[in-house]
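Structure first, then comments.
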Amino acid sequence: MSRSRDLILARVRRAVAGVPDVEVPRAYRGPSGTPGEIRLFEERLRDYRAVVHVVDEAGVPERVARSLAERGARRVAVPGGFPAAWTAAVRAERVADEPPPTAAALDALDGVLTTCAVAVAETGTIVMDAGPGQGRRALSLVPDYHLCVVRAGQIVAGVPDAVARLDPLRPLTWISGPSATSDIELNRVEGVHGPRTLEVLIVA
Amino acid sequence: MSAERPRSPERPESVTFLGMPATRPFPRNAARAVRDSQLRFNLRKATRTIRARRASVVAEVPDWAALREAGRAIKDHTLRNLDRYLVQLEEAVTAAGGHVHWAADADEANEIVAGLVKATGETEVVKVKSMVTQEIGINEALLDHGITAYETDLAELIVQLGDDRPSHILVPAIHRNRAEIREIFAGRMAGWGRPAPEDLTDDPAALAEAARLHLRERFLKTKVAISGANFAIAETGTLVVLESEGNGRMCLTLPTTLISVVGIEKVLPSWRDLEVFLQLLPRSSTGERMNPYTSMWAGATEGQEFHLVLLDNGRTRVLADEVGRQALRCIRCSACLNVCPVYERTGGHAYGSVYPGPIGAILTPQLRGMGSELDRSLPYASSLCGACYDVCPVAIDIPSVLVDLRARAPHPWPERAGMAAAGWVLRRSGRLARMQRIGGRLRNLAPRRLPGPLAAWTDTRDLPEVPRESFRDWWDRTDGGRR
Ligand code: SF4
């Protein structure tokens, strides 16, 4: 193949010739296998200034409709696979993601509803893997408001549990709070390019 | 930007370009920086804030030491088997529909990227902040090909609009305060695209909003993006980018062509290794439990065309050095900058490289060689206090590497002469006693500033006062204070 490929690999081999290999000690906490605590997850999310509600399964449609109404959202994206029952009470217009809307069309929406693949209690993180109810990556990025429904069973304790559950060949987005920056005098300011409001509905 | 990128014909093969020319030595840069009281104030405030945040989120992780140990070992194991993992990464990315390119140096990487952009027919690209693209000076190189690269990270935008240089790995505009940022936005945004709002204030939220509006249109219409990556998983071909603002997600997701330039040391063997690094990196860098956004993808994703450019640019030379190779473990968290008493006072520009602070002091001279006065001076840009080693999430023993590099940098002759004279005096106690008595008698003649070439010493230090009587004479006279 390329000359530089051979050159770089040869340089690497010369550089490490005779160097002993290293065993990796994994004495840290690996995947715990225990479910993540809802209370901790909630607290961590609030630390990032996300809006959080905990509801039971029957309360989801009502809560989704209320959140969208309070937000004044008129047109929201709802990806394929998002449980139809959860949007039963929604008054806003629901925009499907098939065929995929253009970026400009997404920019004109008031928000997006999604589920997630996994959530991490210890770090307050939601992970999306473009599976059912989540849509393509742009869908939860371009609109300024993201409402994510997380089932209690999806919450794991720590980062190692989440890594173990995820498929590395899928496009993954780990979200910990709304878009933010610390670039101005290291103050955390919420809201730059991603959704400036993240609302999380935990179904317990 | 006004970078004077050295052109290849005048540049010998072995010189590694690191984003800015190696010019004045560190002490002269530092002397200028410490006289800038605004800069010192901005830096002190910023580094203190972030130090406290890091300390508190690290303290809440009970197995931090074990994670750090695993992080160190994973990196060492990877570097030991780097050839194997690079080939495995190439196979995995290719199998996932991506294209892999290899670049021996900055010029080659820039040529590859320029060629790929040209093949799309586009003349504008959006960029995600990455150290490696700064290192190779890609913006200037692309401009030579008629391609404009737009920075999209807030701090990088501040730097680009201000025609400035980054001064920190993580927060490149850490040397600017909010009032300065407002000035830059108000004065310069219009020249690059959507102007800043008329009534822009220096409220951080208003400044962030101005950046959001300025860049949104650009994100929606640009077809090509250039990124780096924090990690590349050999086993699966997964690339990982950590960020805060969402500009990374925009660049990685919306354009139809994505080009990622990644240093060869960024590879990790297995998917599982992320359970270590996704804990070490965010807590060490922004001092958060987790950064707002992390994107991971393998190969061509959601219809996108994907190119991975693997870059050497001096890394294999560092790898060959027994002591110095540990610098390649670095995950660019910037914790060592934030705790460094030298960095806190001089800022990043004094280091004359895109890699400032303690990591820069060991990485720059190794990547670039010790040919220039600046690069020889960098191993001295430290008091060897060891704070950088303590906070480093991959346990790079920066002080030891500094000492090793110092031993290799040739010392100037007055210093060698002074050391030889001191050695002669100190070897015999009688000589020392005689010299001390002479010194005591002549003490009023001692200058504030040493003459000739020795002035370099007193330029950065106050000469100690010579005491009237030496400790030995005092001890003899008073019998250790009893008389
Ligand atoms: S040397 Fe260590 S502390 Fe410094 S940036 Fe690299 S990983 Fe972070």
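We name chains A, B, ... by the order of the sequence lines, and we start the count at 1 in each one.
The distance from the CG atom of A:L172 to the CH2 atom of B:W297 is 11.5 Å, given to the nearest 0.5 Å. We find the CD1-CG distance between B:I233 and A:L169 to be 11.5 Å, quoted to the nearest 0.5 Å.
Interface summary for chain B: among A:L166, A:T125, A:V159, A:I175, the most heavy-atom pairs under 4.5 angstrom belong to A:I175. Most heavy-atom pairs under 4.5 Å with chain B: of the set A:L106, A:D47, A:V127, A:D21, this distinction falls to A:D21. Among A:A27, A:P25, A:G177, the residue making the largest number of heavy-atom pairs under 4.5 Å with chain B is A:P25. Annotation: maximal heavy-atom pairing with chain B below 4.5 Å, among A:E190, A:H193, A:R14, A:M128, occurs at A:H193. Your options are A:D129, A:V19, A:V142, and the one with the most heavy-atom pairs under 4.5 Å with chain B is A:V19.
For B:A96, no part sits under 4.5 Å from any heavy atom of chain A, backbone or side chain. For a residue to count as touching a neighbouring chain, one of its non-hydrogen atoms must lie under 4.5 Å from one of that chain's; by this rule B:I264 touches chain A with the side chain only. There is no contact between B:R48 and chain A, counting heavy-atom distances below 4.5 Å. If you measure heavy-atom distances from B:L82 to chain A, the contacts under 4.5 Å come from both the backbone and the side chain. Within the 4.5 angstrom heavy-atom criterion, only side-chain atoms of B:R53, from C-beta onward, approach chain A. Using a 4.5 Å cut-off between heavy atoms, B:R325 contacts chain A through its side chain alone, with no backbone atom that close. In this structure, no portion of B:N42 lies under 4.5 Å from any heavy atom of chain A. In this structure, no portion of B:D202 lies under 4.5 Å from any heavy atom of chain A. Proximity to chain B (any heavy atom under 4.5 Å) is shown, for A:P100, by neither the backbone nor the side chain. With a 4.5 angstrom heavy-atom cutoff, B:E108 touches chain A only via side-chain atoms. For chain B, the nearby parts of A:V12 are the backbone and the side chain; heavy atoms of each come within less than 4.5 Å. In this structure, chain A has no heavy atom under 4.5 Å from any part of B:T78.
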A:R26 vs B:D273, salt bridge (charged side-chain N to carboxylate O under 4.0 Å, His left out): CA-CA, chis, key distance, verdict: CA-CA 10 Å; A:R26 297 196 190 255; B:D273 295 326; 2.7 Å; yes
Chi angles and distances behind the side chain to side chain contact (heavy atoms under 4.5 Å, CB included) call for B:T253, A:L141: CA-CA 9 Å; B:T253 313; A:L141 169 64; 4.2 Å; yes
Full working for side chain to side chain contact (heavy atoms under 4.5 Å, CB included) between A:R29 and B:V61: CA-CA 10 Å; A:R29 298 170 300 164; B:V61 179; 4.1 Å; yes
Test log, rule side chain to side chain donor-acceptor pair (under 3.5 Å), inputs A:T181 and B:E245: CA-CA 5 Å; A:T181 182; B:E245 298 166 16; 3.0 Å; yes
CA sep, side-chain torsions, deciding dist, call: B:L220, A:D107, side chain to side chain contact (heavy atoms under 4.5 Å, CB included): CA-CA 9 Å; B:L220 298 185; A:D107 195 34; 3.5 Å; yes
Residue pair B:L319, A:V16: steps toward the side chain to side chain contact (heavy atoms under 4.5 Å, CB included) verdict: CA-CA 7 Å; B:L319 186 62; A:V16 300; 3.7 Å; yes
Working for side chain to side chain donor-acceptor pair (under 3.5 Å), residues B:E288 and A:S176: CA-CA 10 Å; B:E288 293 167 297; A:S176 305; over 6 Å; no
Trace of the side chain to side chain donor-acceptor pair (under 3.5 Å) decision for B:Q279 with A:Y28: CA-CA 11 Å; B:Q279 297 192 71; A:Y28 57 86; over 6 Å; no
Salt bridge (charged side-chain N to carboxylate O under 4.0 Å, His left out) between A:R44 and B:E60, worked out: CA-CA 13 Å; A:R44 295 300 196 232; B:E60 72 182 38; 3.7 Å; yes
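Between B:R216 and A:D144 there is no salt bridge, since no side-chain nitrogen of the basic residue lies less than 4.0 Å from a carboxylate oxygen of the acidic one. Ion pairing between a basic and an acidic side chain is recognised when a charged N comes within 4.0 Å of a carboxylate O; A:R196 and B:E209 show such pairing. Salt bridge B:E302/A:R137: present, at least one basic N to carboxylate O contact under 4.0 Å. At a threshold of 4.0 Å, the pair A:R13-B:D83 counts as salt-bridged, since one of the basic side-chain nitrogens sits closer than that to a carboxylate oxygen.
Residues B:T301 and A:P171 come closest through the heavy atom pair CG2-CB, 3.6 Å. The two residues A:I8 and B:A103 have their closest heavy-atom pair at CD1-O, 3.5 Å.
By the neighbour-count criterion of 12 heavy atoms within 6.0 Å, atom CD of A:E98 is densely surrounded, having more than that number from other residues, nucleotides or ligands. Within 6.0 Å of the CZ atom in B:R44, the count of heavy atoms belonging to other residues, nucleotides or ligands exceeds 12. At most 12 non-hydrogen atoms from other residues, nucleotides or ligands lie less than 6.0 angstrom from CD of A:E23. Annotation for A:E93: atom CD counts as buried by contact number, over 12 foreign heavy atoms lying within 6.0 Å.
With A:T123 contributing its side chain and B:R289 its backbone, the two residues share no donor-acceptor pair below 3.5 Å. Side chain of A:R5 to main chain of B:W102: no donor-acceptor pair is present (N/O by atom type, distance under 3.5 Å, no hydrogens or angles).
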